[in-house]
Amino acid sequence: ISQVLKFLPLSVVPKSDNYDKKWNHSDKEKDKILGDELKEVAGSVFVDGSLEFCAPEFGMTTLSEVDAILLSNHNTMLALPYVTEYSGFKGTVYCTEPTQQIGRQYMEELVTYVERNPRNKKCSKWKSDAILSSLPTFLREAIRPTAWRECYTKHDIQACLSRVQTVGYNEKRNIYGALIITACSSGYSIGSCNWTIKSPYQKICYISGTSTLTTHPKPMDTEPLRQSDLIIVSSMTKTPGYNPDQMIGEFCMNTVVTIKNGGNVLVPCYPSGMIFDLFECLSSHLDSCGLTTVPLYFLSPVSDSSLAYSNIYAEWLSGSKQSRVYLPEPPFPHAELVSIGRLRQYLNIHDGLQNDFKSPCIVFAGHPSLRMGDVVHFIELWGKSTGNTILFTEPDFPYLEALAPFQPLQMKVCYCPIDTGLSFSQANKLMRDLKPGHLVVAESYVQPPSNLSHKTDMVVDYDPPPLTYKRGEILTLPIKRQFETVEITPNLAKNVSPVEVKPGCMVSMVTAALNIKDNKYTLELLPDGHLSGKKRRADGSLIREKSYIWGSLNIQSFVDALTRQGITDIKVEDTEDGSIIDLPNDDTLIQVEGASTHIICNGEEIVRTKIRDTLLRCLQKL
Amino acid sequence: MDTMNEQEYCKKVQEVFEFLLSSSCNIHDDTLYHKLLDSLNGKMITPEFAESCGVIDFLQRAGNNTDISPDTLVFAVQLVEKLVSKLELPGIHLDTMSVLIETVALRTSVDNLSVFCALFTTLTTILQRPCIKEFCLNIDFQDILKKSFDILKEERSIFLSRAVSEFICSLFSSKMAESQEAKKLLKELQTIIVNFDRDGSQRVLSPSMLCSLRVLEKAPHLFNDSFAEILDVLIILMKIGSTQSSTTAARCLHSLCLQCQDRAKSERVKSLVTKAIETVDIVKGLHIAKVLYPLQLLERSSLENIILKPLQMLDKTNHSPAMHSSLPAVSLSLTIVNDCNIQKLEACKCVAEVLKMTENRHDDFTGSGCNSFTGSSKLQIKCLDYLGSYTSKEVMLSVISSISNIVSYITEHMIYGKCLQCLCRLLPEVLCSSCYSSERSTVKSDLSKIKESVQRNFCSVEWEFRDTSCEFVRNLMDKHKDKEGVILWMLDSGFLVFACQAVGDGESYVRATSLSTLQTVLLSSYRTNLLQDMNTTIGEIISQVLDVCKTDSEAFPRRSAARLLHHCLLDLSYLLHPDSIQCIAQCFSTSLPSDFDWEVKLIMVEFWCAILKRCFDADLDKETSDQPLGIVVSLDCLKNEKDGKRGYVSISSAINVLLKLSCDYDPSVSERVCQELCWICETMEKFVLKINSATNDDNRSDWCMCAHCSQLITELLNRMTERKEKTRDDSVFKTDYDSNALSLLDDILLLDRSHDNNDEDNAIDCY
């Protein structure tokens, strides 16, 4: 979604003259082609058109052949309508119920923002290679702009969500009989999960958006992730240099400083997730600092449902939050804040906010990209005053780029990114604990982040070294489906005479028909006409029935049997690996080892045959 | 103690002694022995009383009794120590005691460590007494010295070795130093030093060597005979010994040098010590320098060079420690600079440089400028400790720059506090410096950065930071109350608003500090400006503080609030609105007396006493009575409290509050009130006399005739009488062991009886 930063913000209050200055290309020809698609604000160039979003790369795989999509958390489903509605996808999407609901809220908020203050002009001339290469760096480094699409609609969201099947934690789901998938808590957000994908003999885990910190969601469940052949780790923290605990402290501190100085605080945010922790920590800190009367405003088209849903998902929350439900109290303190009127939620700035508005205050509003939503209005309103502060907590967008169209800005800017995702040290510790056979990570995780190149410990480190993948590259996983479980029908089982070859292990020859249906294997009796016991070659000739020998040779029995065959003067010598039987009269040596027997016979063929037959008689057959 | 109690006490003491000497004595709780010892020590004021109590008899029998328990033996020996050090005992008693000591020394096994520890401790005390020679007549002193020396050589328990070592050291400063036995022992000590293994195999010193060196340090003149050899040993010890050995040797060398009459010898010692310090490793050199610095054996400047060496060797250009300046060496050097209080420019520069090296944040994203000192809180604390007490002008700006960087990311409130302490000290000078007014100087931006950080920390999640920030503001106003520049800087920073808002903080300690800060604001000569900056008035503050007094659930804020009101009413009453005075008086007469916290009550007692004192002083002294007292607590109020003017405090209500508190459940409050009531009562009696004689003043002559006043004075006198009686009773029979010796004796005797009844288990159960 970060490509929206290339666009001018969608102002909530129209007729803003901030963005009227046309950017002129130095090449007149190109400038003519471009028209007024690009605008210049404080030295930066932006696209003055309707917002476009980066859809998944459909070319990488044929989505119509994909059977299932597993969603880890609400952050990973914003592009889902593009997949389900515009790619020919016919499969099923699996996720937890909170993920579905919160994802719906995120998508609806996005669509509302785009549709509420539409900019109907679609700009595409700047995307042509000839012009793009000559644009300022900020635009030039846009990735595949021609593949960008307009935002989906609410109808798309409905249609998309109808393809979703919800699962509970640790609930087993059979995928066409081929695999069993299970979601287990990942501790990142309400309903976030890691996936285990199991076949009868292999197990793969997909760890994405996971947190080992104690926040509001149910803690991470590591047990289902153990004994995996392979683990794929993705979506680790985007801000490895920032400690989330410290950042929450910074956030609270900067907020209170601003309020005490009489300023207002603006927090660009998503409608769910970390915002619940922010409400809790901030209100408690405001109490500590004696600022109990400062109002908190929460603006989002889905603010009502977001706050309401958070309080009904008790079973998806941390132990302490769950226990509050039994008191009975709402799990989140923001319910109380709402009831006493300290936290007030509005769908938008026209939803009665002006009647209640009291300054100084703290406003939580979307969208964190600062290109749409009510936050745009507040930056335009408060940006000119040095007393106000904008506090960035969402790590998804580079804050300086996000602020670029609003420059020059007088309000204070604080960057306190709070990303509870796995840090490198946490990921390494987790992997040492889970001990997967193989580990697969993005290539960027095995080298220090580009902005922290001296931090050599900020890498995923594992033995064996992790397998890496990168964009556009196909990685073959070192895991093969070699065995399957096959069932035998009772009728066929009746005819089988198993022989115990070692304790608990029985072997039998069987001739049957293999039936494969829904990835389920069954051995059945041969249909009539296909009698067992007589195998034929393609030309119709009979194949001699073969027997399989097994078991270890009892030397004494073998010697006795040889004696009975008239072989005399048998000498037996024990060696490290077995025995050597010397038959000097017949000029023959028999070397018996664990898994092989050699008969070195320099005498007559009859003797060799006699010995062979005696030997075969001493072994067991199938 | 009256005669009857004395007799009972003596009788019970004798019973206790009987019990202690009996074979059945088994006191598990040795604190009873200590308490008995303390009790006897307090009571034995004459040798005769000691005799009548049976103490002498007990010591005599203890000396002859072989079945006595080791604990009782220790008690007996310790009792000897107490008696000898306290009383001038007649010869016959000394004989008894010396027999006991002789018996213990000869008959008791050295394995009985506690007995021998007590023995040598007692002997050490006796050595310093005038009676030592008389005492030694009956004991084999030679044998005791031999035993002591053997104990040292055998390296027994550390406590015993220490007791013996003390004894030997005391010997050479006592009257017995000239005895043949002492001289013989001295020879042996000299031999130990001279024969010290010089090949370096003995890095840790034996107890006998340590004792010898202690004697050498205390009485170096006794070792003159073998000066050269001893000097040689000490120099070697300084070079090769452990840190402790080296420092011991250094102290001995200093003693040796001090007593040296021969200048050449003295110079030789100094020269050898100087050379030795140069050859030892840097850390040992620092330890030796630390010992020698206050002793003036060597030039201080040369020792300062040694102490500062690790700091000077830092590679300042690369901001990384050079080869020899490891973190421990730098840390030790800073410790010594602090301990020795080396307040010199060179030292200050070094410390400021180390502080600068620590200032980069540890998680610096660029990674540039990081070194092993970066973020070291240990070094930062030491540097700030030093710079908080001394900072030369030359490094002042560098220190301010470092502080501005450190406080911008600090996560430890202790370092934050030290930074602010340092800043508080430097601020007036910085603000007056020419650099501050210079446009090119960075000090303005540094101070601005500090302002921002302090503001942030006023709002920190951790209450310690908020509290420290409040405290900083209070200190600034308190320490620089007359410095306009500092006050203006503070006003410009907006700190006062933050400090004022902290009255509503969630943490009680912060609220308390905030109230103390408000008190400083109100008492400041810049009060008007400060209140203007805070956009409040004195009346609003008083109202807020009264609210804290009445409603705050924590004691700390209430204490601060009570103090603030106390000072306001006493010092600023002329600024207060009559309504405010009325409210404060009401708070002190109705709310605070029922406060749960004893300290709040004490503040209130102080308040009423101060008020009454002013009132009495004013009325007794004509000159002061003519001047306005602000709240003017008038005797008229006493005469008729109902007619008390609005805004005036009633004296009778003050005395009534105090009378009520004299019965407070908390003894610290009631005792204090009773003490105060004494002088109030006396002063009021003086009034009665004075006013009775002033027949020409109708207004005054009738006040003591007023029924209300008479009742008040009568009640006051009655209470005083009650208290006096109570105090007299309490002086003898308190339930406490410390004041009631009989109950202690009873308890010990109860042990005897419970043993007889064999009912110990039940006793424990019942207990």
Side-chain angles (χ1 to χ4, degrees), chain A residues 239-263 265 277-278 280-294 360 362 386-387 389 391 412-418 423-425 448-458, chain B residues 360-370 374 407-413 416 451-467 469-470 492-511 513-515 533-535 544 547-548 552 557:
Chain A
T239 52
Y242 294 87
N243 178 318
D245 281 337
Q246 277 179 12
M247 287 304 108
I248 285 206
E250 285 278 315
F251 167 79
C252 293
M253 196 154 71
N254 286 311
T255 304
V256 174
V257 171
T258 308
I259 296 292
K260 284 199 169 185
N261 278 320
V265 177
D277 291 314
L278 293 184
E280 187 169 350
C281 295
L282 185 62
S283 60
S284 140
H285 185 57
L286 288 171
D287 289 346
S288 303
C289 295
L291 300 171
T292 47
T293 54
V294 176
I362 302 156
T386 52
T389 302
L391 274 159
K412 266 187 268 176
V413 179
C414 294
Y415 183 58
C416 321
I418 302 165
S423 68
F424 286 97
S425 60
S450 55
N451 59 338
L452 296 166
S453 53
H454 66 290
K455 294 269 183 183
T456 49
D457 55 331
M458 284 196 180
Chain B
N360 288 342
R361 56 190 302 171
H362 219 50
D363 55 350
D364 182 10
F365 286 171
T366 60
S368 59
C370 281
T374 304
V407 295
S408 66
Y409 66 84
I410 195 68
T411 52
E412 288 178 49
H413 66 90
Y416 176 61
K451 268 186 203 174
E452 204 177 299
S453 303
V454 174
Q455 276 200 0
R456 278 158 45 81
N457 284 322
F458 258 114
C459 308
S460 171
V461 176
E462 292 168 58
W463 70 266
E464 291 93 340
F465 278 90
R466 305 201 296 272
D467 191 51
S469 306
C470 262
D492 180 49
S493 67
F495 292 162
L496 268 181
V497 178
F498 283 81
C500 179
Q501 284 172 341
V503 173
D505 197 280
E507 176 59 49
S508 60
Y509 297 116
V510 184
R511 294 201 294 277
T513 313
S514 169
L515 287 162
D533 180 66
M534 290 155 68
N535 196 21
Q544 205 176 359
D547 205 36
V548 173
D552 203 300

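Every chain is numbered from 1, with letters handed out A, B, ... down the list of sequences. Please read all numbers here as calculations on a predicted model, not as lab measurements.
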Please check if atom CD in Glu464(B) has more than 12 non-hydrogen atoms from other residues, nucleotides or ligands closer than 6.0 Å. yes
In short, His285(A) meets Cys459(B) closest at the heavy-atom pair NE2-O, 2.5 Å
Where do Cys252(A) and Val461(B) come nearest, in terms of heavy atoms and distance? CB-CG2, 3.9 Å
Count the heavy-atom pairs under 4.5 Å between each of Thr292(A), Leu286(A), Val257(A) and chain B, then report the option with the highest count. Val257(A)
Are the side chains of Asn457(B) and Met253(A) in touch, meaning some heavy atoms are under 4.5 Å apart? yes
Does Asn535(B) have more than 12 heavy atoms from other residues, nucleotides or ligands lying within 6.0 Å of its CG? no
Nearest heavy-atom neighbours spanning Ser288(A) and Arg466(B): CB-NH2, 3.7 Å
In terms of heavy-atom pairs under 4.5 Å with chain A, the winner among Glu462(B), Arg456(B), Gln455(B), Gln501(B) is Arg456(B)
Verify the neighbour count for atom OH of Tyr509(B): are there more than 12 heavy atoms of other residues, nucleotides or ligands below 6.0 Å? no
Can you tell which part of Asp287(A) gets under 4.5 Å to a heavy atom of chain B, answering side chain, backbone, both or neither? backbone
Pick one of side chain, backbone, both or neither for Phe498(B), based on which atoms fall under 4.5 Å of a heavy atom in chain A. both
